[in-house]
Amino acid sequence: MTASVAPPDPLDSAPAWHVGLAAHPGRVIAWTLLVIGGIVMMTPLIYMVATSLKLSNEVYDVNIIPREPTLENYKFIFENTRFGLWFLNSLVTSVLVTISVVFFDSLIGYTLAKFKFRGRDAVFVAMLTTLMIPTEMLIVPWYLMAKNLGWLNSYWGIMFPGMMTGFGVFLMRQFFTGIPDDYIHAARIDGLSEFQIWWQVALPLVTPALSALAIFTFLGNWTAFLWPLIVTNDRGLYTLPVGLASFSGEYLTEWELIMAGATIATLPTLAVFIVFQRFIIRGVVLAGLKG
Amino acid sequence: MWRRDSLTIETKLAIRAWLFLAVPIVFFVVIRFYPALQSFGIAFTEWNLLSPARFVGLANFSRMLGDPVFWIAFKNTFLYLFIGTPLSLALAFLIAYYLDQVRFGHGLIRALYFIPHLTTTVAMAWVWRWFYQPPPIGLFNNLLNLADLNAQPFLRSTVQALPAAIAPAIWAGLGFQVILFMAGLRAIPSSYYEAARIDGAGRWMILREITLPMLRPTTVFLVVISSIGFLRIFDTVYNMTDNGAGGPLNSTKPLVLYIYETAFRSYQMGYAAAQTLILFLILLTISLVQLRLMRARP
């Protein structure tokens, strides 16, 4: 995915009624306050990264810039803990769940938007209803299910609750509804199978929604804590957030190590933001307005 | 293909549709609906996973009524909601209102506010936990010290700990709310503002009579999303308190954390399920209120 296919930023251009107003003192003050506020917003992240590069004798120094920047904390973490493995566990489970959600939610959304059959609305309403069921209400039954079926301490155990989502179905159905039926009829006449029509004709038309769904599913699973905490107690199968929580509890006073661990857990989400910024901002707006 | 000509196109398409939906329907039934119903059943049992579940009627619910820790967690949950939601929405609106008028560096400033929304909650809870440490460790106390102010106990105080735990939650949610408020502001037709200005309306008048009423759908949506978020708070509190216990003295313990402890630290599955039903009812009420408010357009 290159930047050139990025959708236009819905918040990029200021509306016309702003244009007539030139810079006056009030606006300069507002701008300055906004920038200061923005920097304050970033301080936890800045301190996190800065402290992860400090030696332990410097940790309590208010100065941000480390006097002697060091990668010792990262070295320690990778040599003495299982952060590498936890990173891998998080990556594999998040990616697999994302693939599943993107595939199934878009297939379901397409079917519910573009096929006419009896019972369609009932299926849609039923899937929407699942949005009302909070995860917390399901964790006890899920735990029992995982325990009985031997899914505790396995990738599948971490992943199975999230393989499809009511939200994704809703989002994708909204977008597929906007595709003209003519495209689908034309493809049918060309002799494409229904699966091919979905895959080759319809899916490429909803790429922005699809990428937004993929990004949010990935981030949601990467940061997920409660369920992975419950379903894993074998340290080798922890995801990064669970591993970080356990590691931090163990090295409670060694904040430079904890900050290095926190940085490792956070950097991938920031990387995702930098690469997909436009999709993300647009996706938030789309999901918010459609939801 | 010709062999199946006896079926009409409609029937063929319907068969195809059900074929596409087969696996998803199984998933939603087995992983969503069945467990949801099951938790209703478990809520009426006593079950420690070692011996078989025993039906106890409403015992779990009457136990809840007399359980002081449950009520503390219940109260805390609503404290999170009633402090967190108004504060974060007011801040988000203020930022969005001014950021919307900024063109110079708009994208960059917006990113500064939005990035915290994408961070890993657990990691950030630990960063904030460090900030709150007593002197000479924590950043906040070191800053207070530089300003010649008294050190504060923050997470070690039963009074300050809960607000201290709300701060990172507000911080992380702000960017999302700012983005949605700005999208809502942009959706207001500029002709409304022009007309108001021609009529000689001042800034306050425009804000009160046009901007805020037109933003109502966005505001309702954000109030609900934010409320649900605070009612379900867990990651932050678990990671900011000693042994994830919601201390000191349960002063920060939210409902979800108590549910977690009941189910997975003391293995009282029935009692935990009963508590999740209460949480479910609270969340359901909020969702229904939202539907109500969204329909009743002014």
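Within every chain, numbering begins at 1; the chains are lettered A, B, ... in the order of the sequence lines, protein sequences first and strands thereafter.
Looking only at heavy-atom pairs under 4.5 Å with chain A, the residue among B:S287, B:P35, B:A14 that has the most is B:P35. Highest contact tally toward chain A, considering only B:W128, B:F40, B:F33, is held by B:F33 [criterion: heavy-atom pairs under 4.5 Å]. Ranking B:L49, B:L143, B:I259, B:I25 against chain A, the residue ahead of the rest is B:L49, based on heavy-atom pairs under 4.5 Å. Ranked by heavy-atom pairs shorter than 4.5 Å toward chain A, the options B:P116, B:A123, B:A125 are led by B:A123. Taking B:Q38, B:R232, B:M124 one by one and counting their heavy-atom pairs under 4.5 Å with chain A, the maximum is reached by B:R232. With chain A as partner, the option from B:T119, B:I137, B:T276 having the largest number of non-hydrogen pairs under 4.5 angstrom is B:I137.
Remark: side-chain polar atoms of A:W222 are not paired, donor with acceptor, to backbone N or O of B:T120 under 3.5 angstrom. Although no hydrogens or angles enter the test, the distance criterion places no donor-acceptor pair under 3.5 Å between the side chain of A:T223 and the main chain of B:T121. Not one N or O on the side chain of B:N239 forms a donor-acceptor pair closer than 3.5 Å with the backbone of A:A245.
Of the atoms belonging to A:L107, it is side-chain heavy atoms, and not backbone ones, that fall under 4.5 Å from chain B. Residue contact with chain B, scored on non-hydrogen atoms closer than 4.5 Å, involves the side chain of A:L112 exclusively. In this structure, no portion of A:V272 lies under 4.5 Å from any heavy atom of chain B. Heavy atoms of A:M259 lying under 4.5 Å from chain B belong exclusively to its side chain. Within the 4.5 angstrom heavy-atom criterion, atoms from both the backbone and the side chain of A:L226 approach chain B. Proximity to chain B is absent for every atom of A:S193, based on heavy atoms less than 4.5 angstrom apart. With a 4.5 angstrom heavy-atom cutoff, B:Q275 does not touch chain A via any of its atoms. Interface remark: B:L108 contributes no atoms to any contact with chain A (heavy atom separation under 4.5 Å). Looking at B:L21, only its side chain comes within 4.5 Å of chain A, counting heavy atoms on both sides.
For the pair A:V123/B:W18, a side-chain contact is recorded, criterion being any heavy-atom separation below 4.5 Å from C-beta on. B:R129 places a side-chain heavy atom less than 4.5 Å from the side chain of A:L252. Contact check for B:F27 versus A:F104: no side-chain heavy atoms found under the 4.5 Å cut-off. In this structure, A:T51 and B:W130 have side chains that are in contact, with non-hydrogen atoms separated by less than 4.5 Å. For the pair B:H117/A:M41, no side-chain contact is recorded, criterion being any heavy-atom separation below 4.5 Å from C-beta on.
A pairwise comparison of heavy atoms in A:L34 and B:Y113 identifies O-OH, 2.6 Å as the closest pair. Of all non-hydrogen atoms in A:V62 and B:L139, the two that sit nearest each other are CG1-CD1, 4.1 Å. For the pair B:R110 and A:I281, the tightest heavy-atom approach, listed with the atom from each and the gap, is NE-CD1, 3.8 Å. Nearest heavy atom pair, residue A:P134 against residue B:F280, reads CD-CD1, 3.4 Å. Here the shortest heavy-atom pairing between A:Q277 and B:G107 reads NE2-O, 4.3 Å. Between A:L138 and B:R32 the shortest heavy-atom distance is CD2-O, 3.8 Å.
Residues that satisfy the ring pair (Phe, Tyr, Trp, His ring centres under 6.0 Å) test with A:F273, not counting sequence neighbours, are B:F114.
A salt bridge is absent between B:E10 and A:K116; no separation between the charged side-chain nitrogens and carboxylate oxygens falls under 4.0 Å.
Residue A:Y251 places its OH atom among more than 12 non-hydrogen atoms of other residues, nucleotides or ligands, all under 6.0 Å distant.
Aromatic ring orientation, B:W126 versus A:W255: tilted (interplanar angle from 30° to 60°).
With ring centers used as reference points, B:F264 lies under 6.0 Å from A:Y143.
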I would like to know whether A:Y47 and B:F131 meet side chain to side chain contact (heavy atoms under 4.5 Å, CB included); could you show each step before the answer? CA-CA 9 Å; A:Y47 267 102; B:F131 283 179; 3.9 Å; yes
